[in-house]
Amino acid sequence: MPGLDALPFPLPTVQQVIFILIAGMTVTGALITALAPNLFHNALGLVLAFFGVAGVYVLLEAEFLAVSQVLIYVGAIATLITFAIMLTRGMMFGRTSSTNRLMLSTAIISALFFLVLTGLLVNVAWPEIGAELAGSEQMIADLGEMFVTTYLVPFELMALLLLAALAGAILLARD
Amino acid sequence: MDWINLLLLPVLRSVALIVVLLTGFAYLTWYERKLLARFQVRIGPNRAGPYGLLQPIADAVKAVFKEEIVPNMADKAVYMLAPALALIPALIIWAVIPVAKGVPAIADVNIGFLWILAIAGIESYGIILAGWSSNNNYSLLGALRSSAQMISYELPLGVFLVSILMLAGGFSLVSLVETPRAWWEWIWLWLMFPLFFICILAETNRSPFDLPETENELVAGFQTEYGGIKFALFFMAEYINMITTSAIMATLFFGGYRLPFGLLGDVIWLGPFVLAAKVIILLFLFIWVRASVGRPRYDQLMQFNWKFLLPVALGYMIITTLLTVFLK
């Protein structure tokens with residue numbers, strides 16, 4: 001196509017267009033989560049944001065992470081949240097509110113957290129990999145191997161934490 | 001070129017796939033009604049066209065032209081979204097299923113197994129949203145039952161999938177079908193198939209696990225407030241889910257698009273037809289079960305899962321680990 005090179009600005013690549021769409025989706029989801037007046041809509045906004053983050057992972061060629069994100073956050077955690085809302089709130093006829101007394105303190109903590117994250121993002125020298133990544137099949141295998149060699153202790157600690165959470169949930173349910 | 005390769009071709013493939021699946025859905029309803037009728041010594045639909053073959057078309061036209069009714073107290077946006085959300089997972093799971101030698105439906109991603117698990121995890125959203133947004137107690141109860149059931153049965157299903165994954169040694173479904181298996185692997189896999197099939201029945205809300213939509217106590221559960229084409233979408237989701245899970249089972253347990261003993265292995269165009277034949281046989285199983293087994297009580301359903309299926313699945317996984325380590 002000869003005419004396209006003459007444009008004053010470079011044509012966006014597919015990746016850029018898709019990234020903008022995904023980013024828009026994530027931000028919309030996050031805004032719904034934070035601002036919508038209905039608690040159930042908040043939960044759905046959260047699901048949208050989770051999906052957006054998974055999309056970003058796919059663009060970064062981290063498919064394993066993306067699918068894990070959907071599997072764990074969308075499939076399990078968000079389902080449990082909607083489940084909890086349905087079981088605990090009088091949600092028929094819209095008697096739900098998404099805010100409570102803790103709004104101010106939460107806002108302050110979130111703002112501080114945001115500051116720390118932005119500071120990190122700007123100041124840390126992130127390593128850049130220019131080379132092609134190895135096949136992701138190999139990456140998953142490497143990931144699994146590192147869990148039981150280099151990062152064995154954190155991995156086992158995490159497992160212990162999850163076990164404690166499980167036991168705690170059962171204990172709470174029995175009361 | 002980028003645009004064509006990355007967007008246009010996958011879109012065309014997806015459209016073709018969706019057309020095939022929707023036709024499959026339409027004739028699956030005919031297949032089921034005919035079979036159920038034969039199981040009950042009736043004839044089944046036989047008025048529209050020869051052998052009632054035009055019946056699905058008549059049904060579709062009827063659903064499309066029905067009046068659009070939205071309940072006053074419903075949460076409109078979510079109410080409209082729910083049927084679509086129920087249908088989408090059933091369709092996109094197909095992306096990773098191989099349909100012919102080396103040809104996946106959309107993409108050969110090397111996370112095929114995880115993709116199936118992840119999409120199975122989000123399948124319950126359509127039903128949850130439908131039940132909640134209808135603002136109807138029956139719908140809500142149906143949705144609660146359904147999500148509890150799906151979350152519970154996903155556990156043994158996931159553990160079984162992990163066992164198959166360990167035997168296969170890789171995440172890609174395309175290479176899973178291509179890689180030859182040892183004889184003991186086949187036998188070990190087929191031993192598990194009945195249990196896996198039970199999990200699938202529960203995941204797809206099929207009879208005898210259709211408690212979320214029991215007609216006699218919940219008046220069709222989560223879909224009570226839906227009519228016309230929106231009801232048809234739920235119907236479509238359930239039936240396409242049947243087709244999809246059959247294709248998954250055919251791929252995991254019965255060699256997918258391949259004929260037994262590597263017969264005619266070089267004829268690539270034969271693949272989709274072999275897969276379709278296997279899917280039809282597995283669909284027969286679904287309908288056979290529906291015609292013969294009664295519905296359990298809800299507590300029985302849960303007890304069966306947590307006290308039988310899950311421990312068995314875990315035991316199966318442990319033995320599979322040992323087998324993989326010592327025999328492969």
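None of these values were measured; they are calculated from a predicted model. Proteins get letters first, then strands, A, B, ... in listed order; numbering begins at 1 in each.
Looking at Phe51(A), the atoms closer than 4.5 Å to chain B (heavy atoms on both sides) all sit in the side chain, from C-beta outward. If you measure heavy-atom distances from Ala78(A) to chain B, the contacts under 4.5 Å come from both the backbone and the side chain. For Leu44(A), the part lying near chain B is the side chain, with the backbone staying farther off; criterion is any non-hydrogen pair under 4.5 Å. When heavy atoms are compared at a cutoff of 4.5 Å, Thr82(A) approaches chain B solely by way of its side chain, counted from C-beta outward. Neither the backbone nor the side chain of Ala120(B) comes within less than 4.5 Å of any heavy atom in chain A.
Within a 6.0 Å radius of CZ in Phe304(B), more than 12 heavy atoms belonging to other residues, nucleotides or ligands are found.
When the side chain to side chain contact (heavy atoms under 4.5 Å, CB included) test is applied to Asn305(B), the partners found at least two apart in sequence or on another chain are Ser152(B), Tyr153(B), Pro156(B), Leu309(B). Considering only residues two or more places apart in sequence or on other chains, Leu165(B) meets the side chain to side chain contact (heavy atoms under 4.5 Å, CB included) condition with Phe113(B), Phe171(B).
Of the listed residues Val78(B), Leu81(B), Ile151(B), Leu114(B), the one with more heavy-atom pairs under 4.5 angstrom with chain A than any other is Leu114(B). Between chain B and the options Ile18(A), Leu71(A), Leu80(A), heavy-atom pairs under 4.5 Å are most frequent for Leu71(A).
Once rounded to the nearest 0.5 Å, the distance linking CE of Met103(A) with CD1 of Ile108(A) reads 12.0 Å. One distance of note links CE of Met150(B) with SG of Cys199(B); it measures 12.5 Å at 0.5 Å rounding.
The aromatic rings of Phe147(A) and Phe155(A) lie parallel to each other, with less than 30° between the two planes, well short of the 60° mark.
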